[in-house]
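When a ligand or atom number is given, it counts from 1 through the structure's own listing order. Values reported hereafter were calculated over all heavy atoms of this structure, with side chains retained and with hydrogens, waters and symmetry mates removed. This structure is a prediction, so every number in the text was calculated from the model and none was measured.
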Amino acid sequence: QKADGENLRSPICCIMGHVDTGKTKLLDCIRGTNVQEGEAGGITQQIGATYFPAENLRDRSRELKADVKLKVPGLLVIDTPGHESFTNLRSRGSGLCDIAILVVDIMHGLEPQTIESLNLLRMRNTEFIVALNKVDRLYGWNTCRNAPITKAMKQQSQDVQNEFKRRLIQVTTQFKEQGLNTEVYYDNKEIGKTINIVPTSAVSGEGIPDLLLLLAQWSPKTMVEKLTYSNVVQCTVLEVKGLEGYGTTIDVVLVNGVLHVGDQIVVCGMQGPIVTTIRVLLTPHPMKELRVKGACLHHKEIKGAQSIKIAAQSLEHAIAGTGLYVVGPNDDLEVVKESAMEDMNSVMSRTDKSGEGVYVQASTLGSLEALLEFLKTPAVNIPVSGIGIGPVHKKDVVWASAMLNKKKEYATILAFDVNVKAEARELADEKGVKIFIADIIYHLFDQFKAYIGTLKE
Ligand code: GTP
Ligand code: MG
Ligand code: NA
């Protein structure tokens, strides 16, 4: 296929940055939703996805009177967690994206996960825009709801403008220290060479039109090659979850290619590759978050890039974070099955070789990887002997109970963001296996530490 600027797919844009800089809130502001307030502890712990059709991007930036000729159908935005435990999800998100928004809190400047995100983006040569967020927190800020930033800036007192400039210089200096040239976008004379900074407020919407305009204008121009649609299926499983009336479903990001109802697919499973057939293809409505329950649209086929919910048989043991493969008419099923299992095998090889350690259970391969990384950090340092993904079953308790004769404290299941089946709970009580449940990673550590403390007394 030749790259002629026709037949482009929607770019995938990843939102990255330090915890609590306002990544989810920015998306809420653009969508007109309230996802952030529903998150446990106010922190994002999964990858999210939202599709923005081109018309919506155009509407929101209309006030800037730019003549935007969008050649892409829309923009698929991936939300990532900023908490330090989720390096794997940030890495996965940044691995999926064509472009990115790096969010920096104007009151804090560059922070550890800003720099980590920056390095992930640089490693993959991903172009990005900096959203310098929370401008409304500048002391004395005069709210100009959803206004373009230059217009809003004109409404500010001299003091606020000076404070803004002072902080802007601090941030550009910090970027310079990281070896990057950045400039507020309306003063940027070297677009392409110097990275654009867009001041924003996710609470009152100043600068959002500018952010959307930059995203819409810039992606197709510089990335025709990358965005030229290819019909080779490239697809990643984000989550595995039950959906009323459909049984177990998987949420996926389809980057390229087309999925059809009736396609034979292979995904990675806890007990080996899962070969199944797509029964239903669903998407959330445009401008709605895939992570949030709500009405869905049905499709016979869907073209990338899109985030999609797939219903099919036997998905209960599918593992989030792995690739989805379509078996084509000329493919060898055994070869496809092997490809599907590669990611899983690499995680499985990370348990403690001594065979002594706790059992950990998480909702997705990504959260399991994050939990394993966290338990390995020197400050935590908890060995792991077994791992599982999905709800805690009796068999997991049986596995964990093997530690009772070796090291009692390790006869423990650390369950992150998963349910415990009633039979599993009963068996654990009977055998004396401890199960700790939390939906925030470091709370598991706190509970386990407290428990070790009581054992020592
Ligand atoms: P993680 O996903 O957990 O890394 O955080 P995040 O970057 O998604 O930040 P989030 O959207 O959860 O916002 C963190 C906090 O900052 C929330 O209390 C938001 O209400 C607040 N916040 C976000 N953006 C703004 C902003 O522009 N102005 C002000 N005043 N508060 C903001
Ligand atoms: Mg968030
Ligand atoms: Na947060």
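- Here the shortest heavy-atom pairing between A379 and F445 reads O-CZ, 3.8 Å.
- Of the candidates K25, M16, H83, H18, the one placing a heavy atom closest to atom 11 (O) of ligand 1 is K25.
- In this structure, D136 contributes its side chain and S201 its backbone to no donor-acceptor pair below 3.5 Å.
- For the side chain to side chain contact (heavy atoms under 4.5 Å, CB included) with L75, the lone residue among I99, I12, L212 that qualifies is I99.
- Side-chain contact of N256 with S230: a donor-acceptor pair under 3.5 Å is absent, judged by distance alone.
- For K309, the NZ atom counts as densely surrounded, since its 6.0 Å shell holds more than 12 non-hydrogen atoms of other residues, nucleotides or ligands.
- The side chain of R137, and not its backbone, has at least one atom closer than 4.0 Å to an atom of ligand 1 (non-hydrogen atoms only; side chain from C-beta on).
- At under 3.5 Å, a nitrogen or oxygen of G82, whether backbone or side chain, sits near a nitrogen or oxygen of ligand 1.
- Nearest protein heavy-atom neighbour of atom 12 (O) of ligand 1: Q36 NE2, 2.8 Å.
- Under 4.0 Å from ligand 1, heavy atoms of T21 appear from its side chain as well as its backbone.
- Here K23 does not reach the Na ion (ligand 3): none of its N/O/S atoms is less than 3.0 Å from the metal.
- K226 NZ: more than 12 foreign heavy atoms inside a 6.0 Å radius.
- The protein atom (non-hydrogen) at minimum distance from atom 13 (O) of ligand 1 is G22 CA, 3.8 Å.
- The two residues T80 and C14 make their nearest non-hydrogen contact at CG2-SG, 3.5 Å.
- Taking backbone and side chain together, T24 holds an N, O or S atom under 2.8 Å from the Mg ion (ligand 2).
- The distance criterion of under 3.5 Å between nitrogen or oxygen atoms is met by D20 with respect to ligand 1.
- Taking the Na ion (ligand 3) as reference, D20 places its N/O/S atom OD1 nearest.
- Atom 26 (C) of ligand 1 has its nearest heavy-atom neighbour, among Q46, K134, E206, in K134.
- Counting all heavy atoms, side chain and backbone alike, L238 lies closest to A49 at CD1-CB, 4.5 Å.
- The option from L138, T44, V35, L27 that lies nearest to atom 2 (O) of ligand 1, judged by heavy atoms, is T44.
- Remark: of the listed residues T248, T249, D251, D251 is the sole one forming a side-chain hydrogen bond (donor to acceptor under 3.5 Å, both in side chains) with K241.
- The distance from the Mg ion (ligand 2) to the nearest N/O/S atom of T44 is under 2.8 Å.
- For ligand 1, none of its N or O atoms has an N or O atom of V135 under 3.5 Å away.
- Checked against a 3.5 angstrom limit, the closest N/O atoms of K23 and ligand 1 fall inside it.
- A salt bridge is defined here as a Lys NZ or Arg NE, NH1 or NH2 lying under 4.0 Å from an Asp or Glu carboxylate O, and E39 with R291 meets this definition.
- Residue contacts to the Na ion (ligand 3): E39 brings no N, O or S atom closer than 3.0 Å.
- Considering backbone and side-chain N/O of P81, none are found under 3.5 Å from N/O of ligand 1.
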